[in-house]
Q: 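One structure follows; several queries about it will come next.
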Amino acid sequence: MSEAIKNAKMQIVNEFAEKIAKAESFVLVDYRGLTVEEDTNLRNTLRKENVEYKVVKNRLMLRAIEKAGIEGIDASVFEGPTAIAISYEDAVAPVKFLTENAKKVN
């Protein structure tokens, strides 16, 4: 792996570790089964509620969570495609909106 790629990956890990550390809450999301339209609607709804929603490679997200000092989340959580919803203001916002969305989609 080139030095540039290592640096880019470390930058992502550091960025998300900082975001997680200052977040009120975050939720890891398995977004399999969502259509592009459903995912776009979810992103728009979360954005309106000031919840950041990003897809990040599983290994990088696990490293960011570890770096942020969060315990109890291990690699077994990261099976398949994973996104993270982060709220800096309202601790229940990500859970609330993701739960509502899951009911609509299923």
Q: Distance from I73 atom CD1 to L28 atom CG, nearest 0.5 Å?
A: 5.5 Å
Q: Can V13 be reached from F26 by stepping across I, L, V, M, F, W or Y side chains whose heavy atoms are under 4.5 Å apart?
A: yes
Q: Report the residues that fulfil side chain to side chain donor-acceptor pair (under 3.5 Å) with T82, sequence neighbours left out, ordered by chain and then residue number.
A: N58
Q: Would you tabulate the side-chain donor-acceptor contacts of residues 89-98 under 3.5 Å, counting partners in other chains and residues two or more places apart, or write 'none'?
A:
from, atom 1, to, atom 2, distance (Å)
E89, OE1, N50, ND2, 3.4
D90, OD1, V92, N, 3.1

Q: Using side chain to side chain donor-acceptor pair (under 3.5 Å) as the criterion, list what pairs up with N7, not counting sequence neighbours.
A: none
Q: If the condition is side chain to side chain contact (heavy atoms under 4.5 Å, CB included), which residues does A23 pass it with, not counting sequence neighbours?
A: I86, Y88
Q: What's the spacing between R59 CZ and I12 CD1 if we round to 0.5 Å?
A: 14.5 Å
Q: Are V27 and F16 in one and the same hydrophobic cluster, where Ile, Leu, Val, Met, Phe, Trp and Tyr link if side-chain heavy atoms are under 4.5 Å apart?
A: no
Q: Let me know which of D30, L34, V29 forms a side chain to side chain contact (heavy atoms under 4.5 Å, CB included) with R32.
A: D30
Q: With hydrophobic residues grouped by side-chain heavy-atom distances under 4.5 Å, do V77 and I84 end up in a single group?
A: yes
Q: Among T45, T40, D39, whose side chain to side chain donor-acceptor pair (under 3.5 Å) with R43 holds?
A: D39
Q: How would you list, by chain and number, every residue that makes a side chain to side chain contact (heavy atoms under 4.5 Å, CB included) with K57, sequence neighbours excluded?
A: L60
Q: To the nearest 0.5 Å, what is the distance between CG (L62) and CD1 (I70)?
A: 12.0 Å
Q: Could you tell me whether the side chain of L42 reaches within less than 4.5 Å of the side chain of Y31, counting heavy atoms only?
A: no
Q: By the salt bridge (charged side-chain N to carboxylate O under 4.0 Å, His left out) test, which pairs, at least two apart or in different chains, include something from residues 5-28?
A: E15-K19, K19-E52
